[in-house]
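Fair warning: this is a prediction, and the values are worked out from it, not measured in the lab.
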Amino acid sequence: MIKQIVYISQSQRLFTQNSQLLIADPKNGTVLKQMPIEELGFLVLDHAQIQISMVAIEKLLTENVALVFCNEKHLPIGLTLPLEANTLQNERFRAQIEASESLKKQLWKQVVEAKILNQAALLEKWQSEKVAEKLLFLAKSVKSGDAQNAEAQAARLYWQHIFLPYCPDFVRERFGLPPNHLLNYGYTLLRAAMARALVGAGLLPTLGIFHHNRYNAYCLADDMMEAYRPWVDDWVCQKVAHNDFESELKTEHKKAALEVLFADVKLGKETKPLMLALSATAASLQKCFEGTVKKLSLPKW
């Protein structure tokens, strides 16, 4: 079942009653909205005056609801996930920790191939078939562990062309000029969704197969979201093509970004909402760690 996403951008009080999350006016206590906690997947908290009870946090985490906290600039800065979201967690942690380097390199190869192929498809949709062909060539050349760094070569070509001719001077930088802020926001949500899916599959989102930054608590989420980034990019392409963005993120854009998690994604012979596809990818990764399958379930544009 696809889970709901709730975005709170006003001063409101959140508490629980009879397995329901209740959202109330903090001044008079009037309940404005309520929903079953078991149907929630994400709760995005984007206001400094939001009040949420400890009981509500406990029940949300018990149901593997990802709590995303935003800062004063309305950008996600934190993510809370449960430590016990899977009954076989201990067994799966061990399989993940004991995975061989050769297996991790093979898995990373699959991820990079899928990412480049999806980038090529998006380039073909929005810009240049010729550049897309170069990426298709690069995808075929990816080696175990991406030893020749085809991912970076593809990224250089991709970012030079994906927003042409709407933003001819665009440079992809985390703190760069718009539409970098839209990309950053979309990727942050995607990362949270991937981390939630990994936890649900009984995996540690901290231990990556490629990313190993000691200060990064979501290395594995960063690994496994790579092939899904083009869905965020496509959303940003739509905004750029219609000049539907400003230097500051607006509430309507942040709400619209959440819709990316419901976009259709091809996974094998099936088409699923992106949020469910992430869970399928995470489940396949867990099976690869256990040695029961060799191929990841990865999205195809």
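Using a 4.5 Å heavy-atom cutoff, the side chains of I8 and H47 are not in contact. Looking only at side-chain heavy atoms (C-beta outward), H161 and L123 come within less than 4.5 Å of each other. With a 4.5 Å cut-off on side-chain heavy atoms, D223 and V111 do not count as touching. When side chains are defined from C-beta on, L258 does not count as touching K254, because their heavy atoms never get closer than 4.5 Å. Between E151 and K115, some side-chain heavy-atom pair lies under the 4.5 Å cut-off. No side-chain heavy atom of F42 sits less than 4.5 Å from a side-chain heavy atom of L189. L220 places none of its side-chain heavy atoms less than 4.5 Å from the side chain of L207. In this structure the side chain of H211 reaches within 4.5 angstrom of the side chain of W108, judged on heavy atoms.
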Going through the distances and angles, do T188 and V68 end up as a side-chain contact (heavy atoms from CB on, under 4.5 Å)?
-> CA-CA 10 Å; T188 303; V68 179; 5.6 Å; no
Go through the steps for Q106 and Q110 under the test side-chain hydrogen bond (donor to acceptor under 3.5 Å, both in side chains), then give the verdict.
-> CA-CA 6 Å; Q106 282 300 317; Q110 294 177 43; 5.4 Å; no
Before giving the answer on salt bridge (charged side-chain N to carboxylate O under 4.0 Å, His left out), spell out for E101 and K104 the whole-Å C-alpha distance, their side-chain angles and the decisive distance to 0.1 Å.
-> CA-CA 5 Å; E101 285 302 314; K104 288 189 278 189; 3.0 Å; yes
Could you please spell out the steps behind the side-chain contact (heavy atoms from CB on, under 4.5 Å) verdict for R174 and Y187?
-> CA-CA 11 Å; R174 184 177 180 186; Y187 292 156; over 6 Å; no
So Y185 and H253, side-chain contact (heavy atoms from CB on, under 4.5 Å) or not? Walk me through it.
-> CA-CA 10 Å; Y185 192 82; H253 287 141; over 6 Å; no
Stepwise side-chain contact (heavy atoms from CB on, under 4.5 Å) test for T80 and I57 | CA-CA 9 Å; T80 301; I57 292 174; 5.6 Å; no
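Under the 3.5 Å distance criterion, the side-chain polar atoms of Y228 are matched with a main-chain donor or acceptor of A277. Side chain of E259 to backbone of W235: no donor-acceptor contact under 3.5 angstrom is found. Side chain of T281 to main chain of S297: a donor-acceptor pair is present (N/O by atom type, distance under 3.5 Å, no hydrogens or angles). At least one donor-acceptor pair closer than 3.5 Å links the side chain of N118 to the backbone N or O of A114. Formation of a donor-acceptor pair under 3.5 Å by the H181 side chain with backbone atoms of E246 is found in this model. Looking at H212, its side chain does come within 3.5 Å of a backbone N or O of F210 through a donor-acceptor pair. In this structure, the side chain of S9 does not engage the main chain of D46 through any donor-acceptor pair within 3.5 Å. When atom types are taken as modelled, the side chain of Q96 and the backbone of G202 share no donor-acceptor pair closer than 3.5 angstrom. Remark: side-chain polar atoms of R196 are paired, donor with acceptor, to backbone N or O of G41 under 3.5 angstrom. When atom types are taken as modelled, the side chain of R92 and the backbone of A201 share a donor-acceptor pair closer than 3.5 angstrom.
Atom NZ of residue K272 and atom CD of residue E270 lie 4.0 Å apart, to the nearest 0.5 angstrom. In this structure, CD1 in I50 is found 7.5 Å from CG in L43, a value given to the nearest 0.5 Å. I23 CD1 to I52 CD1: the interatomic distance, rounded to the nearest 0.5 Å, is 9.5 Å. Atoms OH and CG, from Y158 and L138 in turn, are 14.5 Å apart once rounded to the nearest 0.5 Å. With rounding to the nearest 0.5 angstrom, the OG1 atom of T206 is 10.5 Å from the CG atom of D222. Of the inter-residue distances, the one linking Q286 atom CD with F289 atom CZ reads 9.5 Å to the nearest 0.5 angstrom.
Follow the hydrophobic side-chain contacts under 4.5 Å out from F245 and you reach V236 in the same cluster. Linking Ile, Leu, Val, Met, Phe, Trp and Tyr whenever their side-chain heavy atoms come within less than 4.5 Å puts L296 and L103 in one cluster. In terms of hydrophobic clustering, with Ile, Leu, Val, Met, Phe, Trp and Tyr side chains grouped at heavy-atom distances under 4.5 Å, V260 and F262 are assigned to a common cluster. With hydrophobic clusters built from ILVMFWY side chains whose heavy atoms lie under 4.5 angstrom apart, L67 does not share a cluster with L22. Both F69 and M54 sit in one connected hydrophobic cluster of ILVMFWY residues. Membership requires side-chain heavy atoms under 4.5 Å apart, directly or through other members.
Annotation for K239: atom NZ counts as buried by contact number, over 12 foreign heavy atoms lying within 6.0 Å. The 12-atom threshold is exceeded at CG of L32, counting heavy atoms of other residues, nucleotides or ligands nearer than 6.0 Å. Counting heavy-atom neighbours within 6.0 Å of K134 NZ, excluding the residue itself, gives a total of 12 or less. Other residues, nucleotides and ligands contribute more than 12 heavy atoms inside 6.0 Å of the NZ atom of K125. Counting heavy atoms of neighbouring residues, nucleotides and ligands inside a 6.0 Å radius, atom CZ of F137 does not exceed 12 of them. No more than 12 heavy atoms of other residues, nucleotides or ligands lie within 6.0 Å of CD in E248, so this atom counts as exposed by the packing criterion.
Aromatic ring orientation, F170 versus F163: perpendicular (interplanar angle above 60°, classes split at 30° and 60°).
Closest approach of L267 to P299, counting heavy atoms only: CD1-N, 3.5 Å. L117 and A139 get closest at one heavy-atom pair: CD2-CB, 3.7 Å. T16 and A56 get closest at one heavy-atom pair: CG2-CA, 3.5 Å. Among all heavy-atom pairs drawn from L122 and P230, the shortest one is CD2-O, 3.4 Å. Across all their heavy atoms, A227 and L298 have their closest contact at CB-CD2, 4.5 Å. Scanning both residues, K3 and M275, for their nearest heavy atoms gives O-CE, 3.5 Å.
Between the side chains of N180 and R172, a donor-acceptor pair is found at a separation under 3.5 Å. A side-chain donor-acceptor contact under 3.5 Å links D234 and Q238.
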